[in-house]
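Keep in mind that the numbers below use all heavy atoms, side chains included, and drop hydrogens, waters and symmetry copies. Position 1 is the first residue of the sequence, and the numbers go up from there.
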Amino acid sequence: KISSLRENTNLSTKISYESKIASSEPSTTKFKSIPDVNTVKAAAMDIRPFISERSDIYMPKLLNRLHINGVADKTEIAEFRNAWLLRTGDKKAASAPFGIALVLNNKELTLKKQSDLWMNGELFHHDIEKSGVLEMINFGGTKEISYMIFVTRLQDLARALFSFEAACIK
């Protein structure tokens, strides 16, 4: 999966956007550059087994195996586990995802929640409830900002997997 992710070179496209906020017209966010949807979908498919608890290659399971088998330094494993859990949203960070807090109906759209919405409400399953939430945030550039957070998360997880491969897989 990591090799396939590494071949997806378009994922590393730098995200560039423009937000316009004016009192006389609706706020908008427009992407100048972002990885295309097929690139994002392919990356999400490759990363998904590392973040799905039901997967045999769920990252915490892999890290446990490395720890038990003594294959890697225990301190490095612990540090990577902590960083991974922050990147996936499984551990609450001290600040909002990538510095942007989105709130819907007085509930924070956490990094994990936003990723779940995009993966299961848009890219893969089209879960009606999750698609509905994405439509609810479709105002003033909020949906675009959420998508940018999701894509940035995928890029960040890809870099983490490349580091994991370099450090732990011989």
Could you state the interatomic distance from CG (Asn8) to CG (Asn38), rounded to the nearest 0.5 Å?
10.0 Å
Between Thr142 (side chain only) and Asn138 (backbone N and O only), is there a donor and an acceptor less than 3.5 Å apart?
no
Nearest 0.5 Å, please: how far is OG in Ser146 from CG in Leu102?
6.0 Å
If we only count heavy atoms from C-beta on, is the Leu109 to Leu117 side-chain gap below 4.5 Å?
yes
With clusters defined by side-chain heavy atoms of hydrophobic residues (ILVMFWY) lying less than 4.5 Å apart, directly or transitively, does Ile145 cluster with Val37?
yes
Would Leu104 and Trp118 show up in the same hydrophobic cluster when neighbours are defined by side-chain heavy atoms closer than 4.5 Å?
yes
What I'd like to find out is whether the side chain of Arg81 reaches to under 4.5 Å of the side chain of Asn64, using heavy atoms alone.
yes
Can I get a per-line list of side-chain donor-acceptor pairs under 3.5 Å for residues 51-58, giving both atom names and the distance, sequence neighbours left out?
{"unit_1": "Ser55", "atom_1": "OG", "unit_2": "Pro49", "atom_2": "O", "d": "2.9"}
{"unit_1": "Ser55", "atom_1": "OG", "unit_2": "Ile57", "atom_2": "N", "d": "3.0"}

When clusters are formed by joining ILVMFWY residues with side-chain heavy atoms under 4.5 Å apart, either directly or through shared neighbours, do Val103 and Met136 land in the same one?
no
Please tell me whether Met148 and Phe139 are part of a single hydrophobic cluster in this structure, the criterion being side-chain heavy atoms less than 4.5 Å apart.
no
Heavy atoms only: give me the nearest Ala158-Leu11 pair and the separation to one decimal.
CB-CD2, 3.9 Å
Phe164-Leu86 co-clustered via ILVMFWY side chain contacts under 4.5 Å
no
Measure the acute angle between the ring planes of Phe31 and Tyr17, then classify it against the limits of 30° and 60° as parallel, tilted or perpendicular.
perpendicular
Minimum heavy-atom separation for Pro60 to Leu85, with atom names?
CG-CD2, 4.4 Å
Kindly say whether Lys14 contributes a backbone atom to a donor-acceptor pair with the side chain of Gln155 at under 3.5 angstrom?
no
When rounded to the nearest 0.5 angstrom, what is the spacing between CZ in Phe50 and CG in Leu161?
5.0 Å
Atom NZ of Lys30: over 12 foreign heavy atoms under 6.0 Å:
no
Before you tell me yes or no, could you show the steps for Leu134 and Lys130 under side chain to side chain contact (heavy atoms under 4.5 Å, CB included), namely the whole-Å CA-CA distance, both residues' side-chain angles and the distance that decides it to 0.1 Å?
CA-CA 6 Å; Leu134 286 174; Lys130 293 172 183 176; over 6 Å; no
Using 30° and 60° as the class limits, which term best fits the ring planes of Tyr147 and Phe150: parallel, tilted or perpendicular?
tilted
What is the distance from atom OG of Ser95 to atom CD1 of Ile100, rounded to the nearest 0.5 Å?
11.0 Å
Within-4.5 Å side-chain heavy-atom neighbours: Glu108 and Lys92
yes
So CD of Glu122 and NZ of Lys143: to nearest 0.5 Å the spacing works out to 5.5 Å
With a 4.5 Å limit on heavy-atom distance, are the side chains of Asn10 and Pro35 in contact?
no
Give the C-alpha distance, both sets of side-chain angles, the deciding distance and a yes or no for side-chain hydrogen bond (donor to acceptor under 3.5 Å, both in side chains) between Thr39 and Asp36.
CA-CA 5 Å; Thr39 296; Asp36 66 82; 2.9 Å; yes
Just by modelled atom types, is the Lys1 backbone N or O under 3.5 Å from a matching donor or acceptor in the Ser4 side chain?
no
Please evaluate residues Arg153 and Asp156 with respect to the criterion salt bridge (Lys or Arg N to Asp or Glu O under 4.0 Å), reporting the C-alpha separation (whole Å), side-chain torsions for both, the decisive distance (0.1 Å), and the verdict.
CA-CA 5 Å; Arg153 176 192 190 230; Asp156 193 39; over 6 Å; no
What is the distance from atom CG of Asn82 to atom CG of Asp90, rounded to the nearest 0.5 Å?
11.5 Å
What closest approach, in Å, do Pro97 and Thr110 show between heavy atoms, and which atom pair accounts for it?
CG-C, 4.4 Å
Is Lys41 reaching over with its side chain to a backbone N or O of Leu123, donor-acceptor style, under 3.5 angstrom?
yes
Closest heavy-atom pair, Ala160 versus Phe80, reported as atoms and distance to 0.1 Å, is O-CE1, 3.5 Å
Give me the atom names and distance for the closest heavy-atom approach of Ala44 to Met119.
O-CE, 3.6 Å
